[in-house]
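Report on the following structure.
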Amino acid sequence: MKIGVLALQGAVREHIRQIEKSGHEGVYIKKVEQLKDIDGLIIPGGESTTLRRLMDLYGFKEALQQSELPMFGTCAGLIVLAKDIVGEEGYLKKLDIDVERNSFGRQVDSFEADLNIKGIEQPVEGVFIRAPHIQSVDEGVEVLGEIDDKIIAVRQGKYLGVSFHPELTDDESIINYFINEIVSNTKA
Ligand code: GLN
């Protein structure tokens, strides 16, 4: 599979490394024209306000709103995919969820946790950095994981979103889930 990573800002290289470790091809996506050559897209973590500004600038907002590609958002990428953001206008609106930004405290409060994620047998290692959480989900959105009663992983059809950074660990289970359960099935 050819998996693109939106390469405007944030933890891009780490996702490419995990895609390649999983035996697939990772592509740095810098222009909308490249979207037609990939099977799925990852929107990485970073800073969602900056990310949204850059996506506006390079034409990704419209292109991705119209795109049928499977997408996976991590941390800031989850915020970008959400239909609603507390106190702000939602952006791509691919996931029918309401997210709250920075809901685990400030940068100093970053932490790691072993997470139970539906559909993955082993606990998944996650790194939370000024992470958002999912305050509510609409019908049709499957909750895949929670921590302290806060939703941190969801799937809605071909869209997957997590609050944390799976790419900063050596645990490839989430990326494998995205590629094997979502991208492969969409392509078939
Ligand atoms: N706090 C950031 C935001 O609101 C997200 C942090 C991250 O992606 N690690 O955009």
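As the structure lists them, so they are numbered: ligands from 1, and atoms in each ligand from 1.
- Contact annotation for I79 and ligand 1: only side-chain heavy atoms (C-beta onward) come within less than 4.0 Å of the ligand.
- We find that E167 and K21 are not joined by a salt bridge, their nearest charged nitrogen and carboxylate oxygen being 4.0 Å or further apart.
- The existence of a salt bridge linking E68 and K158 is confirmed by a sub-4.0 Å separation between a basic side-chain nitrogen and an acidic carboxylate oxygen.
- Panel note: side chain K150, backbone S103; a donor-acceptor pair is recorded below 3.5 Å.
- From the protein, the heavy atom lying nearest to atom 7 (C) of ligand 1 is C75 SG, 2.7 Å.
- Closest heavy-atom approach to atom 1 (N) of ligand 1 within the set V127, T50, I85, N102: this belongs to N102.
- Every pair passing ring-ring contact (aromatic ring centres under 6.0 Å, His included) that includes a residue from residues 160-180 is listed here, sequence neighbours excluded: F72-F178, F128-F164.
- A salt bridge is defined here as a Lys NZ or Arg NE, NH1 or NH2 lying under 4.0 Å from an Asp or Glu carboxylate O, and E47 with R52 fails to meet this definition.
- Considering both main-chain and side-chain atoms, A76 comes within under 3.5 Å of ligand 1 through a nitrogen or oxygen pair.
- Residue nearest to atom 2 (C) of ligand 1, selected from G46, G10, A11, S103: G46 (by heavy-atom distance).
- Residue-level proximity to ligand 1 for R101 is carried by the side chain, the only part with a heavy atom below 4.0 angstrom.
- With ligand atoms numbered from 1 in the order given, ligand 1 contributes 3 (C), 4 (O), 10 (O) to contacts under 4.0 Å with heavy atoms of S48.
- Between the side chains of D171 and S173, a donor-acceptor pair is found at a separation under 3.5 Å.
- The residues K83 and D138 are annotated as salt-bridged, a charged nitrogen and a carboxylate oxygen being separated by less than 4.0 angstrom.
- Heavy-atom contacts of E47 reach the following atoms of ligand 1: 10 (O) (cutoff under 4.0 Å).
- The G45 neighbourhood of ligand 1 comprises atoms 8 (O), with distances under 4.0 Å to a heavy atom of that residue.
- In terms of polar-atom proximity, H165 is counted as a contact of ligand 1, with an N or O under 3.5 Å from an N or O of the ligand.
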